[in-house]
Amino acid sequence: SSGSGDAKALKVGTNADFAPFEFQGEGSDEYQGFDMDIIRAVGKEMGVNVEINNIAFDGLIPALQSGNIDIAISGMSITDERKQQVTFSDPYYDSGLTAMVKADNNDINSFADLNGKKIAVQIGTTGAEEAKKIPNAQVKEMNSSADTFLELKAGNVDAVLNDKPVNDYYMVKNSDSTVKRVGEKLTSESYGIALKKDNTELAAKINEAIQKLKENGQYNEIYKKWFGTEP
Ligand code: GLN
């Protein structure tokens, strides 16, 4: 943690509503998750304090561009479109999209079955983009992945499309027998830490720090803590 007067502190933006990557634990303001552990370890490696700012997911890139934050770590997939707006670190986590439906839903057994269905997604995400490509789908854009689960449980949509590790964590954490996962991954995506387009110097330092964490075993330790396995 840090003081707000710390000029050297790394100003980090995240959308802390995306377990197990970034979230606020019950009864605690401390930001938790895989990304939070990674970025704190990166800060340590670089010898700087890390200041976490909780920002809407679709506000992260604008916050980088205006200089309000130095970096964004938020389960953000590296995409060609985003690469035109920001610089990404080397990939640090492999992800992709999966769908979930109600447990008693027998007509959606694959991605093809999502045609013409109501699908909840998080606004500004790759899930939202993919859902919009599904023929005749009615896409409902929510503020968070947590809201997509609520929408599904309420019966307002037929399916949700979220990052696989987020859907998987929801299932394990909530042992929710009213919903189930469908199909393999629809996409293969990698998460990167985003920076202002011209901030390649800091990007190089971050890549170096991540590489160190991979070499000294800390990356694996953090991975195991949140996903239960080695990467
Ligand atoms: N990985 C997805 C994306 O980059 C979702 C990220 C998120 O919701 N935090 O769009």
Side-chain angles (χ1 to χ4, degrees), residues 13-23 33-35 53-65 69 72-88 91-102 105 107-171 176 179-194:
T14 195
N15 179 223
D17 206 349
F18 198 62
F21 294 93
E22 38 270 333
F23 61 103
F34 178 78
D35 285 351
N53 299 274
N54 193 7
I55 296 175
F57 186 74
D58 60 353
L60 288 169
I61 289 180
L64 285 171
Q65 290 172 327
I69 54 173
I73 183 164
S74 200
M76 190 184 285
S77 301
I78 300 170
T79 66
D80 288 338
E81 207 188 322
R82 289 177 183 152
K83 271 204 253 179
Q84 298 182 2
Q85 303 173 274
V86 293
T87 289
F88 279 104
Y92 69 90
Y93 182 88
D94 292 330
S95 191
L97 298 165
T98 58
M100 283 187 13
V101 299
K102 281 272 188 79
N105 183 320
D107 19 280
I108 301 176
N109 300 299
S110 69
F111 289 112
D113 298 332
L114 292 174
N115 293 7
K117 299 290 195 237
K118 281 190 210 156
I119 306 170
V121 295
Q122 184 185 348
I123 194 162
T125 62
T126 50
E129 245 164 65
E130 288 300 320
K132 288 173 192 169
K133 293 183 197 159
I134 296 171
N136 303 314
Q138 286 170 255
V139 179
K140 217 167 164 188
E141 295 182 279
M142 316 300 297
N143 282 324
S144 69
S145 57
D147 286 347
T148 67
F149 296 128
L150 293 176
E151 205 62 2
L152 178 62
K153 288 171 71 67
N156 295 334
V157 293
D158 303 301
V160 301
L161 206 50
N162 282 314
D163 291 20
K164 179 179 190 296
V166 169
N167 285 339
D168 290 352
Y169 190 80
Y170 175 87
M171 290 303 284
D176 185 343
V179 296
K180 66 181 177 187
R181 287 164 284 191
V182 170
E184 295 302 310
K185 283 199 280 190
L186 179 64
T187 55
S188 282
E189 303 178 17
S190 297
Y191 295 166
I193 296 170

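Quick caveat: nothing in here was measured; it's all calculated off a predicted structure.
- At most 12 non-hydrogen atoms from other residues, nucleotides or ligands lie less than 6.0 angstrom from NZ of Lys83.
- The distance from atom CD1 of Ile73 to atom CD1 of Ile193, rounded to the nearest 0.5 Å, is 4.0 Å.
- Of all the heavy atoms in Ala99 and Leu114, the pair that sits closest is CB-CD1, 4.4 Å.
- Note that OG of Ser95 and CD1 of Ile78 are 11.5 Å apart. Values are rounded to the nearest 0.5 Å.
- The two atoms that bring Ile119 and Ala137 nearest to each other are CD1-CB, 3.8 Å, heavy atoms only.
- Atom CG of residue Asn162 and atom CZ of residue Phe149 lie 4.5 Å apart, to the nearest 0.5 angstrom.
- Residues Ser145 and Phe18 are in side-chain contact: their nearest non-hydrogen atoms beyond the backbone lie under 4.5 Å apart.
- The local environment of CG in Asn143 is sparse, with at most 12 non-hydrogen atoms from other residues, nucleotides or ligands closer than 6.0 Å.
- Note on ring orientation: taking the six-membered ring where Trp is involved, the planes of Tyr93 and Phe21 are perpendicular (angle over 60°, cut-offs 30° and 60°).
- Looking only at side-chain heavy atoms (C-beta outward), Asn115 and Asn136 stay at 4.5 Å or farther from each other.
- Residue pairs meeting the salt bridge (Lys or Arg N to Asp or Glu O under 4.0 Å) criterion with at least one member in residues 109-124, sequence neighbours excluded: Asp107-Lys117.
- Closest approach of Tyr191 to Pro165, counting heavy atoms only: OH-CG, 4.0 Å.
- Between atom OG of residue Ser144 and atom CZ of residue Phe23 there is a gap of 14.0 Å, rounded to the nearest 0.5 Å.
- The shortest non-hydrogen separation linking Pro91 to Ser190 is CB-CB, 3.7 Å.
- Proximity of Met76 to Ile61: side-chain heavy atoms (C-beta onward) are separated by under 4.5 Å at one or more points.
- When all heavy atoms of Phe57 and Arg82 are compared, the pair lying nearest together is CE2-NH2, 3.5 Å.
- Gly75 approaches Asp163 most closely through the heavy-atom pair O-OD2, 4.1 Å.
- For Lys180 (side chain) and Asn105 (main-chain N/O), a donor-acceptor pair under 3.5 Å exists by modelled atom type.
- A distance of 7.5 Å separates CG in Leu150 from CE in Met142, rounded to the nearest 0.5 Å.
- In this structure, the separation between OG1 on Thr148 and OH on Tyr170 is 9.0 Å, given to the nearest 0.5 Å.
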Donor-acceptor pairs are to be reported for all side-chain atoms of residues 122-135 against protein atoms at under 3.5 Å, with residues two or more places apart or in another chain.
unit_1 : atom_1 : unit_2 : atom_2 : d
Gln122 : NE2    : Asn15  : OD1    : 3.4
Thr125 : OG1    : Gln122 : O      : 2.6
Thr125 : OG1    : Gly127 : N      : 3.4
Thr125 : OG1    : Ala128 : N      : 3.2
Thr126 : OG1    : Glu189 : OE1    : 2.9
Thr126 : OG1    : Glu189 : OE2    : 3.4
Glu130 : OE2    : Lys133 : NZ     : 2.9
Lys132 : NZ     : Glu141 : OE2    : 3.2

